[in-house]
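Heads up: numbering here begins at 1 and tracks the sequence. Whatever order the structure lists them in is the order used to number ligands and atoms, beginning at 1.
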Amino acid sequence: MRMILVGPPGAGKGTQALRLVSSYGIPHVSSGDMLRAAVKEGTELGKQADGFMKRGELVPDDLVIAMVIERLGQADCQNGFMLDGFPRTRAQAEALDTAMDNAGIRLDAVVLIKVPDELIVKRITGRRMDPETGDIYHVEFRPAPAEISDRLVQRKDDTETACTARLEKYHAETAPIVPFYGEKQLLTEVDGVGAPDEVTERITAALANRAATSA
Ligand code: AP5
(Lines give C-alpha, C1' and ligand atoms only; values in the text may rest on other atoms or scores of the structure.)
Protein backbone atom coordinates (compact mmCIF):
# COMPACT_ATOMS: atom_id res chain seq x y z
CA MET A 1 0.00 0.00 0.00
CA ARG A 2 1.39 3.38 -1.07
CA MET A 3 -0.93 6.10 0.08
CA ILE A 4 -1.28 9.75 1.01
CA LEU A 5 -3.38 11.29 3.77
CA VAL A 6 -4.41 14.83 2.94
CA GLY A 7 -6.60 17.29 4.82
CA PRO A 8 -6.56 20.58 6.66
CA PRO A 9 -4.47 21.09 9.81
CA GLY A 10 -6.12 19.22 12.66
CA ALA A 11 -8.17 17.00 10.34
CA GLY A 12 -6.78 13.96 12.16
CA LYS A 13 -4.13 12.85 9.65
CA GLY A 14 -1.58 12.05 12.36
CA THR A 15 -4.18 10.41 14.61
CA GLN A 16 -5.42 8.18 11.78
CA ALA A 17 -1.94 7.40 10.45
CA LEU A 18 -0.84 6.07 13.84
CA ARG A 19 -3.86 3.72 13.83
CA LEU A 20 -3.60 2.60 10.21
CA VAL A 21 0.11 1.97 9.68
CA SER A 22 0.22 -1.08 11.92
CA SER A 23 -2.69 -2.73 10.11
CA TYR A 24 -1.09 -2.13 6.71
CA GLY A 25 2.44 -2.87 7.93
CA ILE A 26 3.87 0.27 6.33
CA PRO A 27 5.91 3.18 7.73
CA HIS A 28 4.33 6.52 8.62
CA VAL A 29 6.15 9.25 6.71
CA SER A 30 5.08 12.60 8.17
CA SER A 31 6.80 15.67 6.72
CA GLY A 32 5.73 17.67 9.80
CA ASP A 33 7.27 15.13 12.21
CA MET A 34 10.47 15.04 10.14
CA LEU A 35 10.72 18.83 10.14
CA ARG A 36 10.02 19.05 13.89
CA ALA A 37 12.77 16.45 14.51
CA ALA A 38 15.17 18.55 12.38
CA VAL A 39 14.28 21.68 14.38
CA LYS A 40 14.82 19.82 17.67
CA GLU A 41 18.17 18.44 16.52
CA GLY A 42 19.23 21.90 15.29
CA THR A 43 20.23 20.66 11.82
CA GLU A 44 20.72 23.13 8.97
CA LEU A 45 17.31 22.08 7.58
CA GLY A 46 15.74 22.60 11.00
CA LYS A 47 17.22 26.09 11.33
CA GLN A 48 15.83 27.05 7.93
CA ALA A 49 12.39 25.51 8.60
CA ASP A 50 11.80 26.77 12.16
CA GLY A 51 10.57 30.31 11.39
CA PHE A 52 8.23 29.19 8.62
CA MET A 53 6.68 26.56 10.88
CA LYS A 54 6.18 28.87 13.87
CA ARG A 55 4.36 31.36 11.65
CA GLY A 56 2.17 28.66 10.12
CA GLU A 57 3.70 29.12 6.68
CA LEU A 58 4.83 26.35 4.38
CA VAL A 59 8.51 25.41 4.39
CA PRO A 60 9.94 26.07 0.87
CA ASP A 61 9.31 23.28 -1.64
CA ASP A 62 12.97 22.57 -2.43
CA LEU A 63 13.77 21.79 1.21
CA VAL A 64 10.73 19.58 1.79
CA ILE A 65 10.87 17.72 -1.52
CA ALA A 66 14.51 16.71 -1.03
CA MET A 67 13.81 15.57 2.54
CA VAL A 68 10.76 13.41 1.69
CA ILE A 69 12.04 11.89 -1.56
CA GLU A 70 15.22 10.85 0.27
CA ARG A 71 13.10 9.26 3.02
CA LEU A 72 10.97 7.32 0.51
CA GLY A 73 14.15 5.83 -0.94
CA GLN A 74 14.99 4.12 2.35
CA ALA A 75 14.64 0.36 2.72
CA ASP A 76 11.55 0.34 4.95
CA CYS A 77 9.54 2.24 2.30
CA GLN A 78 10.23 -0.24 -0.49
CA ASN A 79 6.97 -2.16 0.04
CA GLY A 80 4.76 0.78 0.86
CA PHE A 81 4.32 3.94 2.92
CA MET A 82 1.72 6.27 4.36
CA LEU A 83 2.53 9.88 3.51
CA ASP A 84 1.07 12.43 5.94
CA GLY A 85 1.40 16.16 5.18
CA PHE A 86 3.18 15.67 1.86
CA PRO A 87 2.57 16.67 -0.89
CA ARG A 88 1.14 20.04 0.07
CA THR A 89 1.68 22.05 -3.09
CA ARG A 90 1.36 21.36 -6.80
CA ALA A 91 5.18 21.39 -7.13
CA GLN A 92 5.46 18.75 -4.38
CA ALA A 93 2.79 16.56 -6.03
CA GLU A 94 4.59 16.74 -9.36
CA ALA A 95 7.98 15.99 -7.75
CA LEU A 96 6.47 12.93 -6.04
CA ASP A 97 4.98 11.76 -9.34
CA THR A 98 8.33 12.07 -11.09
CA ALA A 99 10.19 10.27 -8.30
CA MET A 100 7.66 7.42 -8.32
CA ASP A 101 7.75 7.15 -12.11
CA ASN A 102 11.54 6.96 -11.98
CA ALA A 103 11.31 4.22 -9.34
CA GLY A 104 8.69 2.34 -11.39
CA ILE A 105 6.09 2.43 -8.60
CA ARG A 106 2.52 3.73 -8.35
CA LEU A 107 0.33 5.30 -5.70
CA ASP A 108 -2.64 3.19 -4.57
CA ALA A 109 -4.79 5.85 -2.92
CA VAL A 110 -5.06 9.43 -1.71
CA VAL A 111 -7.43 9.82 1.23
CA LEU A 112 -8.86 13.29 1.86
CA ILE A 113 -10.05 13.68 5.47
CA LYS A 114 -12.71 16.39 5.39
CA VAL A 115 -13.31 18.58 8.46
CA PRO A 116 -14.97 22.00 8.31
CA ASP A 117 -12.84 25.03 9.28
CA GLU A 118 -15.03 25.89 12.27
CA LEU A 119 -13.99 22.67 14.07
CA ILE A 120 -10.29 23.06 13.34
CA VAL A 121 -9.20 25.77 15.81
CA LYS A 122 -10.60 23.86 18.79
CA ARG A 123 -8.85 20.66 17.70
CA ILE A 124 -5.54 22.44 17.15
CA THR A 125 -5.41 24.59 20.28
CA GLY A 126 -6.42 21.64 22.50
CA ARG A 127 -3.86 19.23 21.06
CA ARG A 128 -1.11 17.89 23.33
CA MET A 129 1.71 15.57 22.27
CA ASP A 130 3.56 12.91 24.24
CA PRO A 131 7.23 13.52 23.37
CA GLU A 132 8.20 10.00 24.50
CA THR A 133 5.76 7.98 22.38
CA GLY A 134 4.58 10.47 19.74
CA ASP A 135 0.98 9.84 20.82
CA ILE A 136 -1.49 12.62 20.06
CA TYR A 137 -4.00 13.73 22.71
CA HIS A 138 -6.59 16.45 23.11
CA VAL A 139 -7.54 18.17 26.35
CA GLU A 140 -11.22 17.53 25.67
CA PHE A 141 -11.60 14.98 22.87
CA ARG A 142 -8.83 12.57 23.87
CA PRO A 143 -7.50 13.30 27.36
CA ALA A 144 -4.15 11.70 28.22
CA PRO A 145 -3.81 9.30 31.16
CA ALA A 146 -3.13 11.23 34.39
CA GLU A 147 0.28 9.56 34.90
CA ILE A 148 1.74 11.10 31.74
CA SER A 149 0.02 14.50 31.84
CA ASP A 150 3.14 16.26 33.25
CA ARG A 151 5.27 15.39 30.27
CA LEU A 152 2.83 16.45 27.53
CA VAL A 153 3.89 19.31 25.25
CA GLN A 154 2.05 21.72 23.00
CA ARG A 155 3.36 22.38 19.48
CA LYS A 156 4.73 25.90 18.87
CA ASP A 157 2.40 26.30 15.88
CA ASP A 158 -0.72 25.24 17.79
CA THR A 159 -1.74 28.82 18.62
CA GLU A 160 -4.92 30.37 17.25
CA THR A 161 -2.91 32.85 15.14
CA ALA A 162 -0.67 30.20 13.56
CA CYS A 163 -3.68 27.92 13.07
CA THR A 164 -5.49 30.62 11.10
CA ALA A 165 -2.41 31.08 8.91
CA ARG A 166 -2.13 27.30 8.39
CA LEU A 167 -5.78 27.07 7.35
CA GLU A 168 -5.28 29.89 4.84
CA LYS A 169 -2.22 28.10 3.42
CA TYR A 170 -4.21 24.88 3.23
CA HIS A 171 -6.99 26.45 1.18
CA ALA A 172 -4.63 28.43 -1.06
CA GLU A 173 -1.89 25.86 -1.73
CA THR A 174 -2.90 22.37 -0.63
CA ALA A 175 -6.62 22.09 -1.48
CA PRO A 176 -5.80 22.65 -5.19
CA ILE A 177 -3.83 19.36 -5.32
CA VAL A 178 -7.01 17.44 -4.46
CA PRO A 179 -8.43 17.64 -8.04
CA PHE A 180 -4.95 16.68 -9.35
CA TYR A 181 -5.40 13.29 -7.67
CA GLY A 182 -9.10 13.18 -8.56
CA GLU A 183 -8.18 13.29 -12.24
CA LYS A 184 -5.85 10.35 -11.67
CA GLN A 185 -8.73 8.33 -10.11
CA LEU A 186 -6.77 8.04 -6.86
CA LEU A 187 -8.93 10.17 -4.59
CA THR A 188 -11.15 8.90 -1.78
CA GLU A 189 -12.98 11.45 0.38
CA VAL A 190 -13.79 10.57 3.99
CA ASP A 191 -15.82 12.53 6.55
CA GLY A 192 -13.41 13.39 9.41
CA VAL A 193 -16.15 14.50 11.82
CA GLY A 194 -17.00 11.96 14.50
CA ALA A 195 -15.06 9.87 16.97
CA PRO A 196 -11.55 8.81 15.83
CA ASP A 197 -12.68 5.14 15.78
CA GLU A 198 -15.53 5.98 13.40
CA VAL A 199 -13.15 7.87 11.10
CA THR A 200 -10.72 4.91 11.11
CA GLU A 201 -13.59 2.61 10.12
CA ARG A 202 -14.59 4.93 7.28
CA ILE A 203 -11.04 5.07 5.92
CA THR A 204 -10.54 1.30 6.21
CA ALA A 205 -13.86 0.63 4.48
CA ALA A 206 -13.13 3.14 1.72
CA LEU A 207 -9.71 1.62 1.05
CA ALA A 208 -11.13 -1.92 1.06
CA ASN A 209 -13.80 -0.80 -1.39
CA ARG A 210 -11.17 0.74 -3.68
CA ALA A 211 -9.09 -2.44 -3.56
CA ALA A 212 -12.17 -4.60 -4.36
CA THR A 213 -13.29 -2.46 -7.30
CA SER A 214 -9.79 -2.21 -8.80
CA ALA A 215 -9.08 -5.97 -8.42
P1 AP5 B 1 2.09 19.09 9.96
O2 AP5 B 1 2.73 18.49 11.14
O3 AP5 B 1 1.92 18.26 8.73
O4 AP5 B 1 0.72 19.73 10.42
P5 AP5 B 1 -0.71 19.88 9.73
O6 AP5 B 1 -0.89 19.38 8.35
O7 AP5 B 1 -1.06 21.30 9.97
O8 AP5 B 1 -1.55 18.87 10.47
P9 AP5 B 1 -1.59 18.65 11.97
O10 AP5 B 1 -0.44 17.78 12.41
O11 AP5 B 1 -1.74 19.96 12.68
O12 AP5 B 1 -2.97 17.92 12.13
P13 AP5 B 1 -3.42 16.45 11.85
O14 AP5 B 1 -4.32 16.42 10.67
O15 AP5 B 1 -2.27 15.48 11.86
O16 AP5 B 1 -4.32 16.26 13.14
P17 AP5 B 1 -4.10 15.39 14.46
O18 AP5 B 1 -4.29 13.95 14.18
O19 AP5 B 1 -2.85 15.79 15.19
O20 AP5 B 1 2.87 20.41 9.48
C21 AP5 B 1 3.28 21.39 10.42
C22 AP5 B 1 4.07 22.47 9.69
O23 AP5 B 1 5.25 21.90 9.08
C24 AP5 B 1 3.35 23.17 8.51
O25 AP5 B 1 2.53 24.25 8.95
C26 AP5 B 1 4.54 23.63 7.67
O27 AP5 B 1 5.16 24.79 8.21
C28 AP5 B 1 5.51 22.48 7.80
N29 AP5 B 1 5.32 21.43 6.76
C30 AP5 B 1 4.98 20.12 6.98
N31 AP5 B 1 4.89 19.46 5.82
C32 AP5 B 1 5.16 20.38 4.84
C33 AP5 B 1 5.20 20.31 3.42
N34 AP5 B 1 4.90 19.16 2.77
N35 AP5 B 1 5.50 21.43 2.74
C36 AP5 B 1 5.79 22.60 3.36
N37 AP5 B 1 5.77 22.73 4.72
C38 AP5 B 1 5.44 21.62 5.45
O39 AP5 B 1 -5.38 15.89 15.30
C40 AP5 B 1 -5.46 17.23 15.77
C41 AP5 B 1 -6.14 17.24 17.17
O42 AP5 B 1 -7.48 16.81 17.01
C43 AP5 B 1 -5.49 16.27 18.17
O44 AP5 B 1 -5.52 16.85 19.44
C45 AP5 B 1 -6.39 15.02 18.11
O46 AP5 B 1 -6.41 14.34 19.36
C47 AP5 B 1 -7.74 15.64 17.77
N48 AP5 B 1 -8.54 14.75 16.92
C49 AP5 B 1 -8.12 13.96 15.90
N50 AP5 B 1 -9.14 13.31 15.34
C51 AP5 B 1 -10.24 13.70 16.03
C52 AP5 B 1 -11.62 13.38 15.92
N53 AP5 B 1 -12.08 12.52 14.99
N54 AP5 B 1 -12.49 13.99 16.77
C55 AP5 B 1 -12.03 14.87 17.71
N56 AP5 B 1 -10.74 15.19 17.87
C57 AP5 B 1 -9.86 14.63 17.03
Lys13 side chain to Gly7 backbone, donor-acceptor under 3.5 Å: yes

Least distance between heavy atoms, Ile120 atom then Pro8 atom: CD1-CG, 4.1 Å

Using heavy atoms and a threshold below 4.0 Å, how should the contact between Asp33 and ligand 1 be classified: side chain, backbone, both, or neither? neither

I need the minimum non-hydrogen distance between Pro87 and Ala93, along with the two atoms involved. CB-N, 3.4 Å

Using a 4.0 Å cut-off to any heavy atom of Val64, which atoms of ligand 1 qualify? 33 (C), 34 (N), 35 (N), 36 (C)

What residue and heavy atom of the protein are closest to atom 4 (O) of ligand 1, and at what distance? Arg155 NH2, 3.3 Å

Could an N or O of ligand 1 be found under 3.5 Å from any N or O of Gly85, whether backbone or side chain? yes

How far is atom 25 (O) of ligand 1 from its nearest protein heavy atom, and which residue and atom name does that atom have? Arg166 CG, 3.8 Å

Any nitrogen or oxygen of Lys13, main chain or side chain, under 3.5 Å from a nitrogen or oxygen of ligand 1? yes

Any Glu198 heavy atom less than 4.0 Å from ligand 1: no

So which of Met67, Arg123, Gln16 gets nearest to atom 42 (O) of ligand 1, if we judge by its closest heavy atom? Arg123

A student checking ligand 1 against Ile124 at a 4.0 Å heavy-atom cut-off should list atoms 11 (O)

Using the rule salt bridge (charged side-chain N to carboxylate O under 4.0 Å, His left out), only one of Arg55, Arg166, Arg127, Lys169 pairs with Asp157; which is it? Arg166

Give me the residue, atom name and distance of the protein heavy atom closest to atom 15 (O) of ligand 1. Gly14 N, 2.8 Å

Say whether Val190 and Leu20 are linked into one hydrophobic cluster, either directly or through other cluster members, by side-chain heavy-atom distances under 4.5 angstrom. yes

If you measure from the Lys or Arg side-chain nitrogens to the Asp or Glu carboxylate oxygens, is any gap between Asp108 and Arg210 under 4.0 Å? no

Please verify whether a non-hydrogen atom of Arg55 lies at under 4.0 Å from ligand 1. no

At a 4.0 Å threshold, what atoms of ligand 1 neighbour a non-hydrogen atom of Tyr137? 43 (C), 44 (O), 46 (O)

What atoms in ligand 1 come closer than 4.0 Å to a heavy atom of Phe141? 55 (C), 56 (N)

Run the salt-bridge test on Asp158 and Arg128 with the 4.0 Å N-O cut-off and return the result as yes or no. no

Hey, does Pro196 sit under 4.0 Å from ligand 1 if you only count heavy atoms? yes

For atom CD of Gln78, decide whether the heavy atoms of other residues, nucleotides or ligands shown that lie under 6.0 angstrom number more than 12. yes

Taking non-hydrogen atoms only, is Leu58 closer than 4.0 angstrom to ligand 1 via side chain, backbone, both or neither? both

For Ala165, does its backbone N or O pair with a side-chain atom of Glu57 as donor and acceptor, under 3.5 Å? no

Which one holds for Gln92 and ligand 1: side chain close, backbone close, both close, or neither close, with close meaning a heavy atom under 4.0 Å? side chain

Heavy atom of the protein closest to atom 32 (C) of ligand 1 (residue, atom name, distance): Arg88 CD, 3.5 Å

Numbered atoms of ligand 1 (with element) below 4.0 Å of Gly194, judged on heavy atoms: 52 (C), 53 (N), 54 (N)

What residue and atom, counting heavy atoms only, is the protein's closest point to atom 19 (O) of ligand 1, and at what distance? Arg127 NH1, 2.5 Å

Determine, for Phe86 and Arg88, whether the Lys NZ or Arg CZ falls below 6.0 Å from the six-membered ring centre while staying within 45 degrees of the axis. no

Quick one: do the Gln74 and Arg71 side chains pair a donor with an acceptor below 3.5 Å? yes

Under a 4.0 angstrom heavy-atom cut-off, which atoms of ligand 1 come close to Ala11? 14 (O), 16 (O)

Here the atoms of ligand 1 under 4.0 Å from any heavy atom belonging to Ser31 are 30 (C), 31 (N), 32 (C), 34 (N)

Between Gln92 and Ile65 (side chain of the first, backbone of the second, donor and acceptor by atom type, cut-off under 3.5 Å), is there such a pair? no

State whether the number of non-hydrogen atoms from other residues, nucleotides or ligands found under 6.0 Å of Asn79 atom CG is greater than 12. no

Close-contact set for ligand 1 against Arg36 heavy atoms, below 4.0 Å: 2 (O), 21 (C)

Looking only at distance, does Phe86 have an N or O less than 3.5 Å from an N or O of ligand 1? no

